[in-house]
Number of protein chains: 2
Amino acid sequence: MDEETDGIPQNRPAARDVDATDRKILGVLVDDATISYAELGDRVGLSPPAAHERVKRLRRSGAIRNTAAIIDPKAVRKPLLAFVHIDTKGWGKTPELMAISEHPEVEEIHSVAGDTCMLIKVRTEDTRALEGLLSRLYETPGVTSTRSYVVLSTYLERPVQPGITTEWPTPRHMAKPLY
Amino acid sequence: MDEETDGIPQNRPAARDVDATDRKILGVLVDDATISYAELGDRVGLSPPAAHERVKRLRRSGAIRNTAAIIDPKAVRKPLLAFVHIDTKGWGKTPELMAISEHPEVEEIHSVAGDTCMLIKVRTEDTRALEGLLSRLYETPGVTSTRSYVVLSTYLERPVQPGITTEWPTPRHMAKPLY
DNA sequence: ATTGATGCAGAATTCAATTCGGCCATTATC
DNA sequence: GATAATGGCCGAATTGAATTCTGCATCAAT
């Protein structure tokens with residue numbers, strides 16, 4: 001695939017225009033990426049090679065980051081999901097981020113706006129393992145406190161939805177998005 | 001694939017023993033599910049048909065829930081990520097969950113232990129869209145208040161890690177996990 | 001009007017997924 | 001303890017899809 005300067009993902013070059021057909025393709029592939037290009041072409045109204053070309057382009061442009069197996073956490077004995085607020089003095093320092101991302105239990109690391117804290121998502125085998133992980137996190141330099149939210153049950157978990165509208169219904173009088 | 005009684009996922013039948021080889025396979029497929037069975041077999045020390053059999057079994061048992069394209073949120077114009085605490089009177093009622101999951105911006109819905117609240121993950125085009133979504137959520141029956149955490153930047157986002165140890169290093173004197 | 005580029009379809013080729021038969025090891029059964 | 005039965009693997013063979021190639025139509029720019 002592409003090269004990363006570091007462990008932390010860089011911004012992609014451009015991410016060209018994603019038109020209505022591309023969105024349809026994404027919508028299908030998010031649901032099931034094991035289908036043939038013939039099947040994909042049928043569903044979006046293209047010939048197999050044309051569908052193939054589109055998908056190759058979406059991959060190259062980075063719109064499709066990856067094609068991955070989605071695993072049942074229970075099957076690999078990681079049934080316990082928790083979100084953890086980590087208060088830090090001075091957020092976003094790379095060494096601390098690296099230290100946190102070392103733990104394989106950590107699935108996501110986000111910086112929260114307007115607050116000197118990180119919100120991370122962790123998955124462990126049980127509460128004892130979570131406790132151990134939390135104490136190890138607390139030992140990371142810069143971490144001043146943690147507050148964890150254990151998930152009792154999950155009702156919905158789905159990937160990013162590409163949307164199926166032709167173009168985005170954002171009124172023209174609106175300012176550009178944050179990013 | 002399998003049948004769901006409802007929009008809400010059911011518990012799988014069994015999820016058989018996942019041995020060390022299975023974990024290796026999962027580890028590879030989480031990284032990249034587009035490789036050939038020959039390649040997969042090479043990496044885990046199996047012939048192509050054997051690797052194929054394993055994967056089929058992992059799919060049937062539900063350990064591999066899905067094989068999906070992972071989309072770059074920016075490419076589909078959903079760069080704004082936020083977590084929202086939703087306080088509810090009486091959590092987990094199905095109609096409310098359904099109402100919340102109707103919104104395509106909602107990616108995850110979790111019930112938090114020890115609190116009458118839900119933690120949901122949403123992705124929108126910009127802050128205005130987020131504001132609109134929040135007000136629509138607030139109109140859902142049972143919702144008493146919301147508190148949102150807008151993500152400034154994301155440093156890590158990865159799928160469930162299957163782990164690569166032969167068996168789990170949980171000491172035998174420990175009690176069984178919660179779930 | 002002409003040229004160039006882009007995206008598509010259809011046919012042809014290459015390569016991988018899938019099936020099949022037989023072997024070996026482990027486990028259950030008598 | 002001997003034997004059947006099961007499960008998992010390999011190697012070869014077959015089927016089927018991915019990929020390449022060629023030509024055509026459309027649109028944009030010159």
Side-chain angles (χ1 to χ4, degrees), chain A residues 1-2 12-72 75-76 162 164-167, chain B residues 1-2 12-72 75-76 162 164-167:
Chain A
M1 296 279 164
D2 290 32
R12 295 280 171 178
R16 296 287 171 198
D17 59 314
V18 171
D19 66 9
T21 305
D22 288 330
R23 282 178 188 279
K24 277 198 237 171
I25 288 175
L26 293 174
V28 171
L29 292 186
V30 159
D31 232 39
D32 183 0
T34 65
I35 62 173
S36 66
Y37 287 109
E39 171 81 21
L40 176 62
D42 266 354
R43 296 210 202 157
V44 303
L46 287 178
S47 69
H52 185 224
E53 273 301 322
R54 290 265 190 172
V55 172
K56 266 200 296 186
R57 184 148 47 91
L58 288 169
R59 282 189 212 280
R60 270 201 313 268
S61 74
I64 296 179
R65 282 179 172 167
N66 194 5
T67 299
I70 311 295
I71 303 179
D72 181 2
V76 293
I164 40 171
T165 51
T166 308
E167 255 321 301
Chain B
M1 295 281 161
D2 291 31
R12 295 278 171 180
R16 294 289 170 196
D17 60 312
V18 170
D19 67 9
T21 305
D22 288 331
R23 282 177 187 279
K24 277 198 234 172
I25 289 175
L26 293 175
V28 172
L29 292 186
V30 159
D31 230 41
D32 184 0
T34 65
I35 62 174
S36 67
Y37 287 109
E39 171 80 21
L40 176 62
D42 266 355
R43 295 210 202 160
V44 303
L46 286 178
S47 70
H52 185 222
E53 272 302 320
R54 291 264 189 171
V55 172
K56 265 200 298 187
R57 185 150 44 91
L58 288 169
R59 280 189 212 279
R60 270 201 312 268
S61 74
I64 296 178
R65 282 178 172 168
N66 194 5
T67 299
I70 311 294
I71 303 180
D72 180 2
V76 293
I164 41 172
T165 50
T166 309
E167 258 318 303

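To find a chain, count down the sequence lines: A is the first, B the second, and so on, and within it residues start at 1. Values below: every heavy atom of this structure, side chains too, minus hydrogens, waters and symmetry copies.
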Separation between CG (A:L46) and CD1 (A:I25), nearest 0.5 Å, reads 6.0 Å
Distance check, rounded to the nearest 0.5 Å: A:I71 atom CD1 versus B:T67 atom OG1? 10.0 Å
Just jot down the side chain to side chain contact (heavy atoms under 4.5 Å, CB included) partners of A:S36, sequence neighbours excluded, or say none. A:A38, A:E39
Among all residues two or more places apart in sequence or in another chain, which pass the side chain to side chain contact (heavy atoms under 4.5 Å, CB included) test with A:S47? A:P49, A:A50
Between C:dA9 (P) and A:L40 (CG): distance, integer Å: 12 Å
To the nearest angstrom, how far is B:E39 atom CD from C:dC15 atom C1'? 14 Å
Any side-chain to backbone donor/acceptor pair from [X] onto [Y]? Under 3.5 Å, distance only.
X     : Y      : value
A:D32 : B:N66  : no
B:R23 : B:P162 : yes
A:D19 : A:T21  : yes

Which heavy atom of A:A69 sits nearest a heavy atom of B:A33, and at what distance? N-CB, 3.9 Å
So, for A:G62 and B:D72, which heavy atoms are closest and what is the spacing to 0.1 Å? O-CB, 3.3 Å
Between the opening five pairs and the closing five pairs of the helix from C:dA1-D:dT30 to C:dC30-D:dG1, how far apart are the helix axes, to 10°? 30°
Between the protein and nucleotides 4-7 of chain C, which nitrogen or oxygen pairs come in under 3.5 angstrom?
none

What string of B, S and - do you get for nucleotides 17-29 of chain D, 5' to 3', if B is base contact, S is sugar-phosphate-only contact and - is no contact with any protein heavy atom under 4.0 Å? SSSB---------
Qualifying ring-ring contact (aromatic ring centres under 6.0 Å, His included) pairs, either residue in residues 36-65 of chain B, two or more places apart: B:Y37-B:H52
